[in-house]
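Order of the sequence lines sets the chain letters (A, B, ...), proteins ahead of strands, with each chain counted from 1.
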There are 2 protein chains.
Amino acid sequence: MSEIRILLVDDHPVVRAGLRAMLTDFEGFTVVAEAPEGAAAIKEIQRLQALGEPLDVVLMDLQMGAGMDGVTATRAIKGMPSAPPVLILTTYDTDADILAAVEAGASGYMLKDAPPEQIRAAVQQAAAGQTALAPEVAARLLGRIRNPQPVLSPREVQLLELLATGMSNKAMSKQLFISEATVKTHLVHIYDKLGVDNRTAAIAIATQRRIIRTAG
Amino acid sequence: MSEIRILLVDDHPVVRAGLRAMLTDFEGFTVVAEAPEGAAAIKEIQRLQALGEPLDVVLMDLQMGAGMDGVTATRAIKGMPSAPPVLILTTYDTDADILAAVEAGASGYMLKDAPPEQIRAAVQQAAAGQTALAPEVAARLLGRIRNPQPVLSPREVQLLELLATGMSNKAMSKQLFISEATVKTHLVHIYDKLGVDNRTAAIAIATQRRIIRTAG
DNA sequence: CCCACAGTCAACCGTTTGGTTGATACGGCG
DNA sequence: CGCCGTATCAACCAAACGGTTGACTGTGGG
């Protein structure tokens with residue numbers, strides 16, 4: 001069988017070195033290029049295609065410190081002609097990450113703390129055009145399908161964002177030019193949809209689900 | 001010059017492989033042992049000392065999925081006779097992490113996304129008994145010294161962390177085996193030190209100041 | 001030895017928030 | 001057209017939270 005040609009995309013040199021060592025230790029895997037973020041990855045793919053040396057699989061991290069993030073990059077790659085399979089390999093398994101990656105066209109989703117041979121198996125499957133999901137991720141996706149999460153309205157997200165800055169109901173009502181009563185109504189709906197019963201828990205869940213993002 | 005003998009402590013096989021590859025690529029570095037978490041690391045150190053093959057430096061991650069966390073392990077190691085230098089190598093640079101690690105006796109604090117030669121230099125410095133801080137980390141510590149923020153006690157930080165998960169005062173009191181009255185006292189002190197007057201604002205400020213880290 | 005501080009707890013009181021019910025208005029969709 | 005979801009507001013009550021005062025303990029530094 002021929003070699004599997006791989007592009008690594010991760011902003012951490014340590015992780016790239018680890019994946020390279022882990023994969024090239026075994027027959028049949030070649031890391032032909034690396035990129036620290038999405039835009040550079042796309043350039044690499046185009047460069048390799050121009051050379052007539054196409055890729056068999058892209059190993060993509062989602063969290064990039066700077067530059068194009070993994071989901072955007074995946075979407076861009078899958079929009080290219082003769083796009084290679086993209087296997088997501090990331091640290092976290094939050095709902096938003098997984099869904100966004102799958103929507104963007106990823107062929108699989110692995111967690112970085114997976115045992116090496118599981119990662120290698122996933123790469124092989126992705127290169128063969130198959131789908132590869134880590135067990136934890138698969139379970140989470142199934143759970144999501146079985147009981148779908150309610151969608152917050154734009155106004156509710158807006159409230160949530162103000163909430164996360166620590167504002168009181170009265171402060172939010174002034175900011176949004178609505179009455180406190182309306183603020184409370186919105187909050188009750190938010191708690192309902194997120195399955196919580198107070199504002200701090202709402203912020204915690206919304207942050208986890210990446211509905212809002214906190215100051216960095 | 002003689003070789004620098006290293007123990008790697010990280011729960012991710014990928015990261016361990018990356019560090020091993022990155023360090024052993026260069027003359028003078030030998031990875032003599034690895035451990036996925038703190039307790040195993042301590043056992044390794046004892047084993048090597050019993051063999052008369054002491055370590056020159058321990059490379060320690062702080063976030064461990066399971067087992068003994070990095071700060072606890074560092075404290076335990078620095079309590080041993082003829083303890084090796086411990087160099088912290090982690091993903092985040094929150095105040096809480098840095099302070100706790102330094103208090104626990106770490107000789108340095110590097111971020112995983114640092115360039116390879118910076119990491120190697122830090123390992124060399126630590127092995128030589130010197131201190132090594134990543135520029136970002138050093139800047140943060142200096143900023144902390146220049147305009148000192150009121151320091152939260154460990155207990156207060158602990159409360160803050162529970163707070164950020166959305167727990168009520170009653171829930172926190174049960175979790176920490178203290179009364180609600182005590183929880184309220186702590187919270188008042190926290191609000192005071194952070195200059196806020198409610199729990200959501202406290203979480204917002206604490207997140208901004210990187211006193212706590214939210215789910216990610 | 002004494003002081004300061006962290007941590008613990010209690011009682012009190014006013015304010016804020018959570019939860020409910022009900023009402024109005026507007027837009028889109030079958 | 002009627003229904004549903006979104007957004008708006010009001011009134012009400014119970015529960016949680018915020019703020020204060022005061023008190024006790026243990027630990028560590030001057």
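If you check the side chains of R199(A) and N169(A), you find a donor sitting under 3.5 Å from an acceptor. With hydrogens and angles left out, the side-chain atoms of T91(A) and Q63(A) include no donor and acceptor closer than 3.5 Å. Between the side chains of T182(A) and S179(A), at least one donor-acceptor pair of N or O atoms lies under 3.5 Å.
Whole-Å rounding puts the I203(A) CD1 to dT17(C) C1' distance at 13 Å. Between the P atom of dC12(D) and the CD atom of E180(A) lies a distance of 16 Å, rounded to the nearest Å. When the C1' atom of dA7(D) is taken as reference, atom CE of M172(A) falls 16 Å away, rounded to whole Å. Atom CG in D192(B) sits roughly 9 Å away from atom P in dG19(D) (whole-Å rounding). If you take CD of Q158(A) and C1' of dA7(D), they are 12 Å apart, rounded to a whole angstrom. The CD atom of E156(A) sits 8 Å away from the C1' atom of dT6(D) (whole-angstrom rounding). Between I178(A) atom CD1 and dA10(D) atom P there is a gap of 11 Å when expressed in whole angstrom units. Between L152(B) atom CG and dG7(C) atom P there is a gap of 10 Å when expressed in whole angstrom units.
Y109(B) is not listed as a side-chain neighbour of V102(B), based on a closest heavy-atom distance of 4.5 Å or more. The closest side-chain heavy-atom distance from T131(B) to Q125(B) is not below 4.5 Å. Residues L48(B) and L7(B) are not in side-chain contact: their nearest non-hydrogen atoms beyond the backbone lie 4.5 Å or more apart.
When all heavy atoms of L152(A) and I190(A) are compared, the pair lying nearest together is CD2-CA, 4.5 Å.
Listed by first and then second residue, the salt bridge (charged side-chain N to carboxylate O under 4.0 Å, His left out) pairs that reach into residues 153-173 of chain A are E156(A)-K193(A), sequence neighbours excluded. Residue pairs that meet the salt bridge (charged side-chain N to carboxylate O under 4.0 Å, His left out) test with at least one member in residues 48-75 of chain B, sequence neighbours left out, are R5(B)-E53(B), D61(B)-K112(B). Residue pairs that meet the side-chain hydrogen bond (donor to acceptor under 3.5 Å, both in side chains) test with at least one member in residues 29-48 of chain B, sequence neighbours left out, are E3(B)-T30(B), R16(B)-E34(B), R20(B)-E34(B), E44(B)-R47(B).
For the pair H186(A) and dT8(D), the criterion of a side-chain N or O lying under 4.0 Å from OP1 or OP2 is met. For the OP1/OP2 pair of dC5(C) and a distance below 4.0 Å, the side-chain nitrogens and oxygens of S153(B) include no atom meeting the criterion. Of the side-chain N and O atoms in T182(A), none sit less than 4.0 angstrom from OP1 or OP2 of dT8(D).
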Where do N or O atoms of nucleotides 25-28 of chain D meet protein N or O atoms at under 3.5 Å, pair by pair?
none

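Distance from the side chain of S168(A) is smallest for dT17(C) among the nucleotides dT17(C), dC9(D), dA7(D).
Between its two ends, the helix from dC1(C)-dG30(D) to dG30(C)-dC1(D) turns its axis by 40°, counting five pairs per end and rounding to 10 degrees.
The structure places CG of L23(B) at 6.5 Å from CG of L59(B), a figure rounded to the nearest 0.5 Å. From F26(B), atom CZ reaches atom CD1 of I4(B) across 13.0 Å, with rounding to the nearest 0.5 Å.
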What string of B, S and - do you get for nucleotides 18-30 of chain C 5' to 3' if you count protein non-hydrogen atoms under 4.0 Å? BBB----------
